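The block underneath contains the structure these notes are about, expressed in structure tokens.
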Amino acid sequence: MSDEPSRPSRSRPAASPTFDRVGAPGQRRRDGLGKEALYSTAPTSAPTSQVELRCRRCDVPFGRSVVGMAKLLKPPFLWDPVRGRLWTRCPACGRRSWLQVRTGQALRVLLDRSS
Amino acid sequence: MTATVYAVANQKGGVGKTTTTLNVAAAMAELGSAVLVVDLDPQGCLTFSLGYDPDATEPSLNDTIVGRASLAETIVQHGEVDVVPANIDLAGAEVTLLSRTGREYLLRGELADLLDSYDAVFIDCAPSLGVLTINGLTAADEVLIPVQCETLSHRGVAQLLDTVGDVKRLTNRSLEIRGLVATMFDPRTRHSREVLRDLIARYQAPLIGPPVRKSIRFAEAPTIGTSLIGAGTDVPGAAAYRAIARELLGLPIDQELLDHAGWTDEQRDDVLDLSVEEV
């Protein structure tokens with residue numbers, strides 16, 4: 001065994017300024033028509049949906065037009081007007097489930113204009 | 001038994017995703033684990049590396065995407081691991097899926113029925129950011145990031161971490177970054193060492209096992225249709241992959257294995273520049 005005292009050591013290496021231009025993640029502006037368009041569930045990917053739905057079983061939120069919403073009303077379905085929810089087949093997970101129904105941004109804009 | 005699902009991902013191409021997937025999976029299988037590998041790359045490199053002709057293997061992952069077969073029906077039993085093959089038709093899956101609500105969850109849903117049959121599932125992601133890669137990350141519990149120790153690969157890690165952030169926010173809250181796998185590492189070059197140090201320091205991501213040393217054997221292996229582990233090739237890179245597999249399984253790693261991988265304590269301190277000069 002050597003008598004030479006061992007040198008102290010760091011537990012982690014140090015970052016080098018050479019790579020500062022590589023950049024840390026999270027500095028990018030979010031764009032619904034850019035990278036986030038890949039996600040059907042991104043809030044920014046469906047900015048013009050007239051009706052917003054969220055499945056209680058898979059917890060996936062998605063947007064629909066009024067016509068698309070009408071297509072969900074294939075029997076058997078149930079409508080709960082008190083809680084604003086619809087029992088039907090979820091287009092995201094394919095299972096029958098309660099879908100929370102909310103007015104989407106596009107429909108709100110239309111209603112605001114007409115009033 | 002419920003499998004841990006690992007996505008092997010990096011948007012940069014040529015960093016060793018397929019080699020890492022194949023050899024870590026084979027090393028785990030060598031330790032007695034039941035392992036499934038999923039080829040999520042339309043180039044079908046993983047399928048080819050395991051000795052199959054991607055164009056002659058049916059059904060493949062694309063048949064699952066378009067609804068012609070379940071994922072279980074596409075599984076092929078190789079001597080080392082089970083594999084879900086892919087071929088160039090998978091390129092069309094991007095278009096097929098793009099208009100589908102909940103498209104990010106397709107692979108996750110298909111894998112759910114298989115998790116009880118395996119100890120580990122490895123998803124070899126494509127070197128691009130598309131619906132397929134998002135599917136892989138959404139289906140995974142942990143991400144392994146193979147990184148070649150050079151500048152553009154370093155940049156690929158930054159981009160992937162941004163994507164992982166998106167996936168955690170939008171489709172898979174429980175996704176964790178398991179760490180970096182340093183591939184094609186050449187300890188003789190200062191640039192390799194600098195990149196490795198900076199990656200570990202900048203992103204606070206742990207390095208899994210020892211760096212995998214560059215070897216021509218990795219380039220040759222796909223022609224024989226088996227992993228280097230399965231072929232019994234004795235190179236430091238194969239030892240590194242065995243150490244990585246043990247670390248993922250939470251098993252102790254022998255010093256002998258680390259020595260064989262070229263990663264003694266002295267080499268580690270030297271490469272990572274962990275020694276501090278006393279003033």
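Just so it is clear, the values below take in all heavy atoms, side chains as well, and ignore hydrogens, waters and symmetry mates. Every chain is numbered from 1 and lettered A, B, ... according to where its sequence line falls, protein lines coming before strand lines. Small disclaimer: the values here were computed from a predicted structure and weren't measured.
Across B:Val131, B:Val195, B:Leu207, the residue that shares the most heavy-atom pairs under 4.5 angstrom with chain A is B:Val195.
Taking CG of A:Leu38 as the start and CZ of B:Arg103 as the end, the distance is 7.5 Å to the nearest 0.5 Å. Between the SG atom of A:Cys93 and the OH atom of B:Tyr105 there is a distance of 10.5 Å, given to the nearest 0.5 Å.
For A:Arg54, the CZ atom is densely surrounded, since the number of other residues' heavy atoms within 6.0 Å is greater than 12. Counting non-hydrogen atoms of neighbouring residues, nucleotides and ligands closer than 6.0 angstrom, the NZ atom of B:Lys12 exceeds 12 such neighbours. More than 12 heavy atoms of other shown residues, nucleotides or ligands fall within 6.0 angstrom of atom CZ in B:Arg246. Remark: A:Arg95 CZ is packed, more than 12 non-hydrogen atoms of other residues, nucleotides or ligands lying under 6.0 Å away. Atom CZ of A:Arg96 has more than 12 neighbouring heavy atoms from other residues, nucleotides or ligands inside a 6.0 Å radius.
Within the 4.5 angstrom heavy-atom criterion, atoms from both the backbone and the side chain of B:Leu129 approach chain A. With a 4.5 Å cut-off on non-hydrogen atoms, B:Val167 touches chain A through its backbone and its side chain both.
Across every non-hydrogen atom of A:Tyr39 and B:Thr163, the tightest pair is OH-O, 4.0 Å.
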